[in-house]
Amino acid sequence: MVDQPAVLAEGLIKSYGEKRALDGFDLSVAPGSVHGLLGPNGAGKTTAVRILATLLRLDGGRAEVAGLDVARQPALVRAKIGLVGQSAAVDEVLSGRQNLEMFGRLYHLGPAVARRRADELLDYFGLADTGSKAVKSYSGGMRRRLDLAAGMILRPAVLFLDEPTTGLDPRGRNEVWEAMRALVAAGTTVLLTTQYLDEADQLADRISVIDTGKVIAEGPPSQLKSTIGGDRIEVVLRTPAHLETVVGIVAKVATGEVESIVDDRTVSAPVSDRVAALTEVVRALSDAGIEAEDISLRRPTLDEVFLQLTGHRAEKKEEVAA
Amino acid sequence: MTMVAPAPPSSPLGRLRWALADGWTVTRRDIIHWIRQPVALIVNLAFSVMLVLVFGYLFGGAMSVPGGGNYREFLLPGMLVLMMFFSLESTIMAITEDKSKGVTDRFRSMPMSPSAVVLGRATADMLMSVITLVALVACGLAVDWKINRGIGLALAAFGLMLLLRFALLWLGIYLGLMLPNPESVAAVQILVWPLGFLTSVYAPPETMPNWLGTIAEWNPLSSTVSAVRELFGNPGIGGDSWIAQHSILMAVLWPVLITVVFFPLAVRRYQRLSR
């Protein structure tokens, strides 16, 4: 029983008419860990969370949360989970405390216990001072923290966070991250969906990358990053004349495939040691007498991650075929 | 402190107890709204009172009631029914807002009674309707509206109005679940207002062009208006058509019909949220 996953999904299928939102989605989350579900808009992240949180019926496959079958025992599952959705699902007119008390009562806590728990959570999420004010007057970050608090009322076995920082300013995002780190330290199992690579990187123990309703890569962030190459170096040339030479130079420091785009006069590649790679490329360029318009180091965008991941798969298939 | 949710009840009686307790918690949310925003509540009531005063005094002088009688005494029952109808908007708004902000999803992901969301909404809206009726009746009594046939029939009249409100609840919940966001409620208002005016509320249908009068007479609101006028003993009842002659019967039948159609539709729509 110790090794039983807190969240388990096997071959989940969900269709909306012709479109398959989930197409054989698999997931296993160890108790007490944070699992990131990373993918672009429309990849199926929210659909997966909504099925696991008993909000959507599944069309195929099997899902368990806290050892309970989501399709067969939804009422029991609901007593074990907390859900924090994409918008702050709290009452704007009520105060923060009144919101938490109301949700506490709906979890069937007695009036006194609900009040005590509301105060505890306001304290915990740094909202004690503003607990009596109407939620309307809260900042985006405060709303999301109240939203998190509402999801934590029962100390759920599994907390679902569906893009908890989407639409927040950097300050609000930091506030929410801090609150989430505290939850994680307290041992809550969290399934976190996000479009941001750095968010998954910062918070998750393991990441599943999801695209068109399927998991296309899974592993700890460090492993995924080395697969996709982590940082990238990008050289923009003045003229495309020396493109081939530059590809050669960059290839020496690259940890993956070097990409060159003639029209943009750009050469880019994944690198592991940022500073060493940059120094090496700058020196080699100056030795060869090639003028660069721009040289930069940057994190891969989600698009590049997907390109990389699907690219690798295609390569593997070719190897097998050969 | 342990924080364990009690297991969901398995007996029908236990489920009913949860539904009532959770429903009341949801209703209390609206009551807290009224207490925290007394101005919004007062403005809402003042709007209804203002309509009575505007129509009663501004237009009242130019209006004549067939068969004679005071226009304000003719008007008030209509205004009471009209307010029951206009509160349809607040039901739609509340449902749409909760749905679009994710509050409905939060409720659905919690181990609360599934019927409590609707039960709580219904109780809160009915309570607000009673408050509106009380405020308007007080205003009516101040502008010499009278209950002429005794308190028993008057209570029956209030019963008919709340029955209509109850029926509109399901229409409101259905429409609220259909609409994608609170902004689209404005589109429904465009339909609601003509329906509210195309009745016997302000003017007797006999005074309208034939075809328009027939539509107004068959408007479910008109049946309740006529029935309520009759039960209060206010002027303006009459008309020779079948529907005008059977207003009390129709004031029961229309709401029952609306409920029979829209209650299952609303329930189905709610269940379809999990599609």
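Keep in mind it's a predicted model, so treat the numbers as computed, not measured. A note on names: the letters A, B, ... follow the listed sequences, proteins ahead of strands, and every chain is numbered from 1.
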Problem - Close side-chain approach of B:Ile31 to B:Leu127, heavy-atom, < 4.5 Å - result: yes
Practice task
Quick one: which of A:Ala150, A:Ala53, A:Ser95 has the most heavy-atom pairs under 4.5 Å with chain B, could you say?
Solution key: A:Ser95
Exercise for the section: Tell me whether the guanidinium CZ or amine NZ of A:Arg117 lies under 6.0 angstrom from the six-membered ring centre of A:Tyr107 and within 45° of its axis. Expected result: no
Handout entry: Which atoms of A:Ala88 approach chain B - backbone, side chain, both or neither, heavy atom under 4.5 Å
Key = backbone
Practice task
Tell me, yes or no, whether the heavy-atom count around B:Leu191 atom CG, taken from other residues, nucleotides or ligands under 6.0 Å, exceeds 12.
Solution key: yes
Problem - Qualifying residue, where the test is side chain to side chain donor-acceptor pair (under 3.5 Å) with A:Thr194 and the options are A:Glu199, A:Glu163, A:Lys45 - result: A:Glu199
Practice task
Salt-bridge test for A:Arg62 and A:Glu10: reply yes if a basic N is under 4.0 Å from a carboxylate O, no otherwise.
Solution key: yes
Problem - Greatest number of heavy atom pairs closer than 4.5 Å to chain A - which of B:Val103, B:Asp105, B:Ile35 - result: B:Asp105
Practice task
Before accepting this row, confirm whether a basic side-chain N of the pair B:Arg28/A:Glu101 lies closer than 4.0 Å to the acidic partner's carboxylate O.
Solution key: no
Handout entry: Top contributor to chain A interface from B:Asp98, B:Thr104, B:Val26, B:Asp22 [non-hydrogen pairs under 4.5 Å]
Key = B:Asp22
Completion exercise
Bottom line for A:Tyr16: the part with an atom under 4.5 Å from chain B's heavy atoms is side chain
Handout entry: Within-4.5 Å side-chain heavy-atom neighbours: B:Ile32 and A:Asp91
Key = no
Problem - chain A contacts, top residue of B:Met110, B:Met112, B:Arg275 (heavy-atom pairs, under 4.5 Å) - result: B:Met110
Exercise for the section: Give, as side chain, backbone, both or neither, the part of A:Asp147 having an atom under 4.5 angstrom from any heavy atom of chain B. Expected result: both
Exercise for the section: Tell me, out of B:Arg36, B:Lys101, B:Gln37, who's got the most heavy-atom pairs with chain A below 4.5 Å. Expected result: B:Arg36
Exercise for the section: Name the option with the most non-hydrogen atom pairs under 4.5 Å to chain B; the candidates are A:Gly82, A:Ala89, A:Gly151, A:Gly104. Expected result: A:Ala89
Exercise for the section: Sort A:Lys80 into side chain, backbone, both or neither according to what part of it lies under 4.5 angstrom from a heavy atom of chain B. Expected result: neither
Practice task
Let me know if A:Val77 has heavy atoms under 4.5 Å from chain B in its side chain, its backbone, both or neither.
Solution key: neither
Practice task
Measure the shortest side-chain to side-chain distance between A:Met180 and A:Arg144 over non-hydrogen atoms and say whether it is less than 4.5 angstrom.
Solution key: no
